[in-house]
Amino acid sequence: MSNADTPKILRLRKKHAPGGHAPPDAADGERLVRAQSLRQAVMAGLIAVVVFSTLWLLVSDLFNRVLPWLSLLLGILVGMAVRRAGQGFDGRFPLLAGGLTIVGALIGNVIIAAATTANEFDTGIFTILRNVTSYTWPVFFEEVMTSADIVYAFMGAGLAAFFSTRRLTRREYQAVRIYKAQDNG
């Protein structure tokens, strides 16, 4: 056995060695572009917001206090749901995830405030939400929503945007570039 045939134990695997792989083509890029689904990303993001708002209400009720930093976890959950369902890698998906996170943080705070008010008046959450008027919202934003809630909502939106895009391999990225160059040229 010669030295060239002996396996080298401490040698790292060559991921980017030339040859061995066929170059990507435009059909691969088209398949990746067509696999993106904004509708599925919206549905997954909304489901994540509803489920997380429910859990946020239960945790806040358990500890008897509002935890605004849970908006960060909401952002991570929404971002991962949008990435998994939407399979997107363009700019629409981070914007969608960030927007859903901000709306979800607002909805979560409204539900928690309604639950707290319902406990004070010994009634149900839905009774409180049904009786919300245009005079209620200024009081809500003045007394319940704090600057910490807003800061955490926007930080959660940043996390959602970060986690929402699909990570492409080098080969997939090249295939998308070839497809876009062929489509524009």
Side-chain angles (χ1 to χ4, degrees), residues 32-169 172-173:
L32 288 169
V33 169
R34 293 197 189 281
Q36 300 182 101
S37 174
L38 196 60
R39 185 180 333 137
Q40 288 180 353
V42 168
M43 291 305 297
L46 288 175
I47 290 170
V49 166
V50 168
V51 168
F52 192 83
S53 294
T54 305
L55 292 175
W56 193 0
L57 173 64
L58 294 174
V59 168
S60 295
D61 193 38
L62 179 69
F63 290 121
N64 223 9
R65 58 184 300 174
V66 179
L67 304 169
W69 55 269
L70 286 178
S71 296
L72 300 175
L73 294 177
L74 172 66
I76 293 170
L77 181 69
V78 168
M80 290 179 150
V82 166
R83 176 178 55 194
R84 181 81 170 161
Q87 295 292 314
F89 50 84
D90 59 7
R92 299 175 296 168
F93 294 92
L95 289 174
L96 171 71
L100 284 175
T101 300
I102 290 173
V103 169
L106 178 65
I107 288 171
N109 281 316
V110 167
I111 291 172
I112 291 170
T116 305
T117 306
N119 285 340
E120 289 176 11
F121 290 121
D122 197 33
T123 186
I125 295 173
F126 295 111
T127 305
I128 297 294
L129 291 175
R130 260 187 280 134
N131 292 318
V132 170
T133 64
S134 62
Y135 299 110
T136 310
W137 293 113
V139 174
F140 171 76
F141 284 110
E142 190 174 302
E143 294 180 5
V144 177
M145 284 291 288
T146 64
S147 59
D149 294 318
I150 295 168
V151 168
Y152 281 125
F154 279 100
M155 288 172 61
L159 285 171
F162 177 76
F163 283 108
S164 66
T165 56
R166 178 179 175 185
R167 307 295 185 246
L168 297 177
T169 64
E172 290 171 338
Y173 180 74

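Of the candidates Leu74, Leu46, Leu95, Leu100 forms a side-chain contact (heavy atoms from CB on, under 4.5 Å) with just one, namely Leu46.
Nearest heavy atoms, Val78 versus Gly45: CG2-O, 4.3 Å. Residues Glu172 and Leu32 share a closest heavy-atom pair of CB-CD1, 3.5 Å. When every heavy atom of Ile111 is checked against every heavy atom of Ser53, the shortest pair comes out as CD1-CB, 4.4 Å. Here the closest heavy-atom approach between residue Ala105 and residue Ala153 is recorded as CB-CB, 3.7 Å. Heavy-atom minimum distance, Ala41 versus Leu96: CB-CD2, 3.7 Å. Here the closest non-hydrogen pair linking Leu67 and Trp56 is O-NE1, 3.1 Å.
Rounding to the nearest 0.5 Å places CG of Leu159 at 10.5 Å from CE of Met80. In this structure, CG in Leu62 is found 8.5 Å from CG in Leu58, a value given to the nearest 0.5 Å. The OG1 atom of Thr165 sits 10.5 Å away from atom CD of Gln36, with the distance rounded to the nearest 0.5 Å. Rounding to the nearest 0.5 Å places OH of Tyr152 at 6.5 Å from CG of Leu72. Remark: Thr117 OG1 to Ile128 CD1 distance equals 5.5 Å, nearest 0.5 Å. With rounding to the nearest 0.5 Å, the separation of OH in Tyr173 from CG in Leu168 is 9.0 Å.
Within the structure, the ring pair (Phe, Tyr, Trp, His ring centres under 6.0 Å) test picks out the following pairs touching residues 106-149 (sequence neighbours left out): Trp137-Phe140.
With hydrogens and angles ignored, the 3.5 Å screen pairs a side-chain donor or acceptor of Ser71 with a backbone N or O of Pro68. Checked by atom type and distance alone, the side chain of Thr123 never pairs as donor or acceptor with a backbone atom of Asn119 at under 3.5 Å. Counting only distance, with no hydrogens or angles, the side chain of Thr136 and the backbone of Thr133 share a donor-acceptor pair below 3.5 Å.
Asp90 is linked by a salt bridge (charged side-chain N to carboxylate O under 4.0 Å, His left out) to Arg92, counting only residues two or more places apart in sequence or in another chain. Residues satisfying the side-chain contact (heavy atoms from CB on, under 4.5 Å) test with Ala161, not counting sequence neighbours, are Pro94. When the side-chain hydrogen bond (donor to acceptor under 3.5 Å, both in side chains) test is applied to Thr116, no partner is found at least two apart in sequence or on another chain. Evaluation of the side-chain contact (heavy atoms from CB on, under 4.5 Å) rule for Val151 yields Met155 as partners, not counting sequence neighbours. In this structure Asn131 satisfies the side-chain contact (heavy atoms from CB on, under 4.5 Å) test together with Thr127, sequence neighbours excluded.
Leu129 is listed as a side-chain neighbour of Ile125, based on a closest heavy-atom distance under 4.5 Å. Put simply, the side chain of Val144 does not reach to within 4.5 Å of the side chain of Asp149, judged on heavy atoms. Under the 4.5 Å side-chain criterion, counting only non-hydrogen atoms from C-beta, Ile107 is not in contact with Val110.
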* Do Val49 and Val103 pass the side chain to side chain contact (heavy atoms under 4.5 Å, CB included) test, and can you show the C-alpha distance, the side-chain angles, and the key distance before you say yes or no? -> CA-CA 9 Å; Val49 166; Val103 169; 6.0 Å; no
* To do: Could you walk me through whether Phe93 and Leu38 pass the side chain to side chain contact (heavy atoms under 4.5 Å, CB included) test, one step at a time?
  => CA-CA 7 Å; Phe93 294 92; Leu38 196 60; 3.9 Å; yes
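A cation-pi arrangement is present between Arg167 and Phe162, with the terminal nitrogen or guanidinium carbon under 6.0 Å from the aromatic centre and inside a 45° cone about the axis.
More than 12 heavy atoms of other residues, nucleotides or ligands shown are found within 6.0 angstrom of CZ on Phe89.
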